[in-house]
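Note that the structure is predicted; figures quoted are calculated from it, not measured. Both backbone and side-chain heavy atoms feed into the values below; hydrogens, waters and symmetry mates do not. The first residue in the sequence is number 1, and the count goes up from there. Each ligand, and each atom within it, is numbered from 1 in the order the structure gives.
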Amino acid sequence: MEKSSITVQRHILEQERKHQQATGDLTGLLWDLTLAAKVVSREVNRAGLADIFGATGEENESGDLVKRLDSIAQDTIYRAMDHGGHLCLMVSEESPDLIPIPAKYPKGKYLLLYDPLDGSSNIEANVSIGTIFSVHRRITGSGDGTLEDCLRKGSEQVAAGYFLYGSSTMIVYTTGQGVYGFTLDPSIGEFMLSHDRIVTPPQGKYYSINEGNAAGWDEPTRNYVQHLKQKDKATGRPYSLRYIGSLVADIHRTLVYGGIFLYPSDTSDPANPKPKLRLLYEVAPMSFLMEQAGGAAITGTQRVLDVQATSLHHKVPIVLGSKQDVATYERFCTESGTVPAGKKK
Ligand code: AHG
Ligand code: MN
Ligand code: MN
């Protein structure tokens, strides 16, 4: 007997039924997204055979080289989501501006913000990559969505999650009632419940950061990582480094095993700190998931979900993971004076 006979469709429906005023719109939106992800998963899994590796030669708004699979994922998700009537607009890492819903299709009450393919630098190395999504309810009345609908706080998200194209294809999502994971059963083409409520351990033994960027770290990050390399009083061992370079894979491990993931700003020019990861479709959805799993997510000076987005591709530093590990990092921030003791900016 299968471990679970609960499909993600049934789970989403049951989650939505808990909300009296639910109209089924969010259920329909998430169902359409799972279909898109199955197509992206197929394309990722056959990339080496179908000669769809490589770059398109274009750059996106964040200055990243756009890979052919980035484009395929972008187009696949757009075509799956543009006609369902659940959305008033979309925002994608691969599109500089808002993506309107075509005039011939009805507009809905939600907006979808997504990273169609995360971890693109790992494609040709056959390392896990993924898709990240965030859903907000529109604040403008009707018709086409606007920039005002997009520039929100992460705490206002209605749903968030990711698809992980790894040794198995998974969806991990939350609608604010906990974090749930589903594994694709290719024999029936359905995502089946495999992680019934992911809860992140209060403390982990892994830290995840690109050590190659150490020269640009700020003082709290330098001191904190140095601290992790000392023998931990409880375990008598230092933390181990695990860094995959695909946010979805690094976060999935942190959610399931515990520990801490950091992508601090490059402060080589202290007057001009340079964060890398994007708030709306990478950092905010991952922070919503982490908090829903009992972990924490900060920028270093404040809770991520309290950050007000000021542009579509707004970048922020991120430290997230097990509650105790993030609290220790915060202590290093307070000790170095970047965060006044007892006060968050
Ligand atoms: P994307 O492929 O969507 O541009 O995202 C890449 C991001 C994220 O997946 C990962 O955590 C980070 O870039 C890795 O950056 P470095 O290669 O600088 O470590
Ligand atoms: Mn990404
Ligand atoms: Mn991407």
Practice item. May I ask whether D115 places a heavy atom under 4.0 Å from ligand 1? Key: yes

**Study point:** Exam field: side chain T76 to backbone A36, donor-acceptor pair closer than 3.5 Å
**Key:** no

**Study point:** D82 with R79: basic N within carboxylate O range, under 4.0 Å
**Key:** no

Check your understanding: Among D118, I318, I129, D115, which residue meets the side-chain contact (heavy atoms from CB on, under 4.5 Å) test with L247?
Key -> D118

**Study point:** Numbering as shown, the atoms of ligand 1 that approach D64 to under 4.0 Å (heavy-atom distance)
**Key:** 4 (O)

Revision key, fill the gap. Counting from 1 in the order shown, the ligand 1 atoms closer than 4.0 Å to a non-hydrogen atom of L117 are 2 (O), 3 (O)

Check your understanding: Of the protein's non-hydrogen atoms, which lies at the shortest distance from atom 19 (O) of ligand 1, and what is that distance?
Key -> Y243 OH, 2.6 Å

**Study point:** N or O contact, F261 vs ligand 1, cut-off under 3.5 Å
**Key:** no

Review point. For S246 and ligand 1, does the shortest N/O to N/O distance drop below 3.5 Å?
Key: no

Check your understanding: Hey, which atoms in ligand 1 end up nearer than 4.0 Å to a heavy atom of S120?
Key -> 2 (O)

Check your understanding: Under 4.0 Å from any heavy atom of L247, which atoms of ligand 1 are there?
Key -> 8 (C), 9 (O), 10 (C), 11 (O)

Exercise for review: Scan L117, V248, I123 and name whichever one has a side-chain contact (heavy atoms from CB on, under 4.5 Å) with Y165.
Suggested key: L117

Review point. Does ligand 1 have an atom under 4.0 Å from some heavy atom of N122?
Key: no

Revision key, fill the gap. One finds that the ligand 1 atoms under 4.0 Å from a non-hydrogen atom of N210 are 16 (P), 18 (O), 19 (O)

Point to revise | Minimum side-chain heavy-atom gap L26-V158 below 4.5 Å | key: yes

Review point. Between M81 and F133, is any pair of side-chain heavy atoms under 4.5 Å apart?
Key: no

Check your understanding: Angle class for the Y206/Y257 ring planes (parallel below 30°, perpendicular above 60°, tilted otherwise)?
Key -> tilted

Review point. Would you say the side-chain atoms of T140 and D149 include a donor-acceptor pair closer than 3.5 Å?
Key: yes

Study note, to complete from the structure: For R278, the ligand 1 atoms with a heavy-atom partner under 4.0 Å come out as 1 (P), 3 (O), 4 (O), 5 (O)

Study note, to complete from the structure: Partner of Y329 under ring pair (Phe, Tyr, Trp, His ring centres under 6.0 Å), picked from F261, W217, Y239, Y224, is Y224

Review point. Is a side-chain donor-acceptor pair under 3.5 Å present for E190 with T7?
Key: no

Check your understanding: How far is atom 9 (O) of ligand 1 from its nearest protein heavy atom, and which residue and atom is that?
Key -> D118 OD1, 2.7 Å

Study note, to complete from the structure: For the Mn ion (ligand 2), the nearest N/O/S atom on E282 is atom OE2

**Study point:** Residue and atom name of the nearest protein heavy atom (relative to atom 1 (P) of ligand 1), distance in Å to one decimal
**Key:** G119 N, 3.7 Å

Revision key, fill the gap. Atoms listed for the Mn ion (ligand 3) (protein only, N, O or S, under 2.8 Å, no waters) are E93 OE1, D115 OD1, L117 O

Point to revise | Nearest neighbour in protein (non-hydrogen) for atom 10 (C) of ligand 1 | key: G245 O, 3.3 Å

**Study point:** Distance-minimising heavy-atom pair for G176 and Q292
**Key:** C-OE1, 3.1 Å

Point to revise | contact_flag M286 ligand 1 heavy-atom lt 4.0 Å | key: no

Review point. Same cluster for M90 and Y105 if Ile/Leu/Val/Met/Phe/Trp/Tyr side chains link at under 4.5 Å?
Key: yes

Review point. So which protein heavy atom does atom 18 (O) of ligand 1 come closest to, and at what separation?
Key: Y263 OH, 2.6 Å

Review point. So, S336 versus E219: side-chain donor-acceptor pair below 3.5 Å or not?
Key: no

Review point. Any side-chain donor paired with an acceptor under 3.5 Å for D266 and S268?
Key: yes

Practice item. Tell me which protein heavy atom sits closest to atom 17 (O) of ligand 1, plus the residue, atom name and distance to 0.1 Å. Key: K276 NZ, 3.9 Å

Exercise for review: Give yes if a backbone or side-chain nitrogen or oxygen of N213 is under 3.5 Å from a nitrogen or oxygen of ligand 1, and no if not.
Suggested key: no

**Study point:** R10 side-chain N/O to E14 backbone N/O, donor-acceptor pair under 3.5 Å
**Key:** no

Check your understanding: Within less than 4.0 angstrom of ligand 1, does S121 place any heavy atom?
Key -> no

Practice item. Indicate yes or no: at least one non-hydrogen side-chain atom of Y281 is less than 4.5 angstrom from one of S134. Key: no

Exercise for review: Say whether D70 and ligand 1 are in contact under the criterion: heavy-atom distance to a ligand atom below 4.0 Å.
Suggested key: no

Exercise for review: May I ask you to list the atoms of ligand 1 that are less than 4.0 angstrom from any heavy atom of E282?
Suggested key: 3 (O), 5 (O)

Review point. Are L69 and V127 connected, step by step, through hydrophobic side chains (Ile, Leu, Val, Met, Phe, Trp, Tyr) whose heavy atoms are closer than 4.5 Å?
Key: no

Check your understanding: What is the closest protein heavy atom to atom 7 (C) of ligand 1, and at what distance does it sit?
Key -> L277 CD2, 3.8 Å

